[in-house]
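A short write-up of the structure that comes next.
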2 protein chains.
Amino acid sequence: MSQAVGVKVDRLDAIRSHLYANGFSTIQALADAIGASLATVRRDLQILEQEGAIDRVHGGARIAEGSSVEVAFQEREKRHLSAKRAIATAAYDLLHPRTAIFLDAGTTVLQLARLVRINPMPLRIFTNGLTVAQEFLNIPNLEVVLLGGQLRSENASLVGPQAEAMLETLWFDQLFLGASAISADGAIYSVDSAEASLNRRMLARSANRFVLADSSKFGTTATYKVAPLDNAKVITDSGLSRHWRDELVNFGVDATIADLRAKE
Amino acid sequence: MSQAVGVKVDRLDAIRSHLYANGFSTIQALADAIGASLATVRRDLQILEQEGAIDRVHGGARIAEGSSVEVAFQEREKRHLSAKRAIATAAYDLLHPRTAIFLDAGTTVLQLARLVRINPMPLRIFTNGLTVAQEFLNIPNLEVVLLGGQLRSENASLVGPQAEAMLETLWFDQLFLGASAISADGAIYSVDSAEASLNRRMLARSANRFVLADSSKFGTTATYKVAPLDNAKVITDSGLSRHWRDELVNFGVDATIADLRAKE
DNA sequence: TTTCAAATGATCAATGTCAATCAATTTTAT
DNA sequence: ATAAAATTGATTGACATTGATCATTTGAAA
């Protein structure tokens with residue numbers, strides 16, 4: 001039925017279309033449908049795979065499953081993973097059943113979300129993180145509310161005036177905030193302007209504020225300032241330098257240092 | 001009934017699906033259903049067991065205990081998949097670059113989202129579906145806004161007063177709405193009260209309204225009424241009965257019928 | 001417990017698929 | 001018009017998958 005498709009862009013479109021319609025196709029079938037050689041189809045599939053549009057499997061290809069797009073995010077999630085887990089465990093111990101908590105959209109906070117999923121307790125959870133919310137699908141005794149707003153692809157968070165407006169109507173017992181960086185002068189920084197603004201609103205709407213930041217974040221900076229550290233208590237890991245431990249005392253910041261070697 | 005399935009990924013899907021439908025199956029039955037040898041089915045089952053999707057027992061295999069919740073959603077997504085894809089393709093042709101559209105949180109609408117991801121155009125997209133939003137991560141030229149609200153686990157949607165309040169501040173060129181059921185008297189129904197209420201607000205805030213419903217939905221009912229069909233145009237598939245085609249004319253509903261066999 | 005048929009996993013030959021290479025062709029730049 | 005670059009299709013050796021065979025294990029009946 002299909003005609004030969006001679007130009008590359010058309011071919012790629014045709015492959016996308018064919019794969020979308022059929023869900024899966026062998027390379028031979030694609031070659032027949034398009035009128036190109038097997039070698040060319042393979043090359044095209046390589047390109048489409050790099051675009052993330054399709055998944056290649058032995059014998060053919062199919063349209064990509066949804067969440068495979070978050071490769072960059074997943075890589076970031078794995079960095080300093082043991083530190084993040086230790087921090088998350090310390091944070092988990094601070095939770096009280098039947099309270100309202102806000103979970104920020106960071107990779108460290110995501111570890112806390114995982115802990116709550118594995119070890120559930122009745123909570124009202126608010127978040128602006130898509131991945132955080134996803135952790136709580138089908139977990140009983142949780143009331144999960146996601147902030148509305150504009151989707152920020154970098155960390156799958158929701159930001160913007162709509163998110164801030166929604167925050168104004170809410171109040172939390174505990175806030176667990178991530179941080180892109182913590183500067184030498186003791187301030188929390190973010191890489192994104194909208195995120196920084198939203199983080200400030202979170203701080204303003206919470207009774208108890210915790211910043212979850214692994215030790216590698218200390219002494220670095222990012223573009224947008226969120227707030228001074230003394231607005232919150234800090235939970236970090238035992239990799240923190242002597243210097244920074246002293247600094248935190250100087251800043252008058254209440255810090256919890258999670259032991260990296262502690263197994264639970 | 002089943003055809004021979006020659007490629008590994010297809011087979012794995014077929015086995016998952018077969019086991020989900022029957023709960024348990026002998027290896028011989030799977031081999032017959034799939035058209036592969038016993039040895040191959042065993043190897044496939046090994047893979048699925050490693051994935052944790054199934055439990056193997058002497059003489060056959062069954063669906064793994066834990067994963068059955070997530071599988072349920074995936075299976076629902078795959079039901080009438082070709083119809084949903086055909087409908088989504090027809091809906092995609094209605095899109096105009098640089099307009100504002102709302103995508104409901106249904107499995108049929110999800111196919112439309114997938115199509116937009118694979119074949120992007122500049123759009124402002126609003127949705128109350130977590131999975132829908134996730135499709136659009138890292139897609140350039142899209143502005144994606146997620147409605148805030150309470151997370152409904154059954155279909156990963158956001159509902160409730162906060163979602164409705166946010167809707168009141170927005171206006172869409174096109175709405176693409178899913179439907180749990182379309183009753184004999186020509187009304188859209190939903191299985192959830194909050195979802196139905198929210199759907200009504202969506203309809204009120206959109207200039208052009210499209211209901212995406214595969215033909216199996218017609219003549220069924222669910223608990224909560226959303227709105228009469230004539231509030232919107234219908235996009236369905238060519239599996240629709242003669243009777244219902246006439247009924248749609250009687251109701252004065254503008255219907256688009258996507259051809260199931262059309263390949264492009 | 002013993003027995004035995006069915007089920008299982010390992011092995012092997014045959015077939016199918018993949019990535020790399022290269023020559024031929026088309027496209028693009030000069 | 002010519003040279004350079006990119007694209008294409010065929011070929012090849014490496015690799016993966018499949019189905020049949022066979023020795024071993026398993027579960028249930030005697």
Side-chain angles (χ1 to χ4, degrees), chain A residues 1-65 68-69 71, chain B residues 1-65 67 78 118-120 263-264:
Chain A
M1 179 202 305
S2 299
Q3 289 295 333
V5 181
V7 186
K8 187 168 179 183
V9 181
D10 290 343
R11 246 191 2 249
L12 294 179
D13 276 347
I15 291 176
R16 263 192 285 258
S17 173
H18 196 268
L19 281 181
Y20 179 80
N22 297 23
F24 173 86
S25 184
T26 65
I27 299 203
Q28 184 63 59
L30 283 170
D32 292 346
I34 293 169
S37 72
L38 296 176
T40 301
V41 173
R42 279 185 224 283
R43 276 186 282 251
D44 290 344
L45 290 178
Q46 280 186 343
I47 294 168
L48 289 171
E49 185 180 39
Q50 281 203 316
E51 286 180 9
I54 65 160
D55 285 339
R56 240 142 67 89
V57 290
H58 197 94
R62 62 170 34 169
I63 57 172
E65 300 291 328
S68 65
V69 200
V71 189
Chain B
M1 178 206 304
S2 298
Q3 288 294 336
V5 182
V7 187
K8 189 169 177 182
V9 282
D10 268 354
R11 264 199 336 261
L12 294 178
D13 275 349
I15 291 175
R16 261 191 288 258
S17 184
H18 197 267
L19 282 180
Y20 179 75
N22 300 19
F24 172 86
S25 185
T26 66
I27 300 210
Q28 185 61 58
L30 283 170
D32 291 346
I34 293 168
S37 72
L38 296 175
T40 301
V41 172
R42 288 207 175 87
R43 277 186 282 249
D44 290 345
L45 290 178
Q46 281 186 344
I47 294 169
L48 289 171
E49 185 180 38
Q50 281 203 317
E51 288 179 7
I54 65 162
D55 288 335
R56 289 182 62 183
V57 293
H58 198 88
R62 61 167 29 96
I63 285 260
E65 287 297 325
S67 68
K78 279 178 189 147
I118 294 169
N119 233 310
K263 269 292 189 292
E264 138 68 337

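Each chain gets a letter, A, B and so on, in the order the sequences are listed, and its residues count up from 1. Bear in mind the structure is a predicted one, so any value in this text is a computation, not a measurement.
One distance of note links CD1 of A/Ile27 with CG of A/Asp32; it measures 12.0 Å at 0.5 Å rounding. Atoms CG and CZ, from B/Asp13 and A/Arg62 in turn, are 4.5 Å apart once rounded to the nearest 0.5 Å. The CG atom of B/Leu45 sits 9.0 Å away from the CG atom of B/Leu12 when rounded to the nearest 0.5 Å. Rounded to the nearest 0.5 angstrom, B/Ile34 CD1 and B/Thr40 OG1 are separated by 9.5 Å. To the nearest 0.5 angstrom, A/Ile54 atom CD1 is 16.0 Å from A/Tyr20 atom OH.
Side-chain nitrogen and oxygen atoms of B/Arg11 include at least one within less than 4.0 Å of the OP1 or OP2 phosphate oxygen of D/dT18. Here B/Arg56 reaches the OP1 or OP2 of C/dG9: one of its side-chain N or O atoms lies under 4.0 Å away. For D/dT8, neither phosphate oxygen OP1 nor OP2 lies less than 4.0 angstrom from any side-chain nitrogen or oxygen of A/Thr40.
Straight-line distance from the CG atom of A/Asp44 to the C1' atom of C/dC18: 16 Å, rounded to whole Å. Residue A/Arg42 contributes atom CZ, which lies 14 Å from atom P of D/dT11 at whole-angstrom precision. Rounded to whole Å, the distance from CD on B/Gln28 to C1' on D/dG19 is 13 Å. Going from atom CG of B/Leu45 over to atom P of C/dT8 covers 9 Å, rounded to whole Å. In this entry the distance linking CG of B/Leu38 with P of C/dA7 reads 9 Å, nearest Å. In this structure, A/Asp32 atom CG and D/dG9 atom C1' are separated by 15 Å, rounded to whole Å. As rounded to whole Å, 13 Å separates atom P of C/dG9 from atom CD1 of B/Ile47.
Among the atoms of the strands shown, none is found under 4.0 Å from any heavy atom of B/Val41. Residue A/Ile27 is classed as a sugar-phosphate contact, given heavy-atom separations below 4.0 Å to backbone atoms only.
Place A/Arg43 and B/Gln46 on DNA chain C by their nearest nucleotides, and B/Gln46 ends up nearer the 5' end. Nearest-nucleotide positions on DNA chain C for B/Ala39 and A/His58 put B/Ala39 closer to the 5' end.
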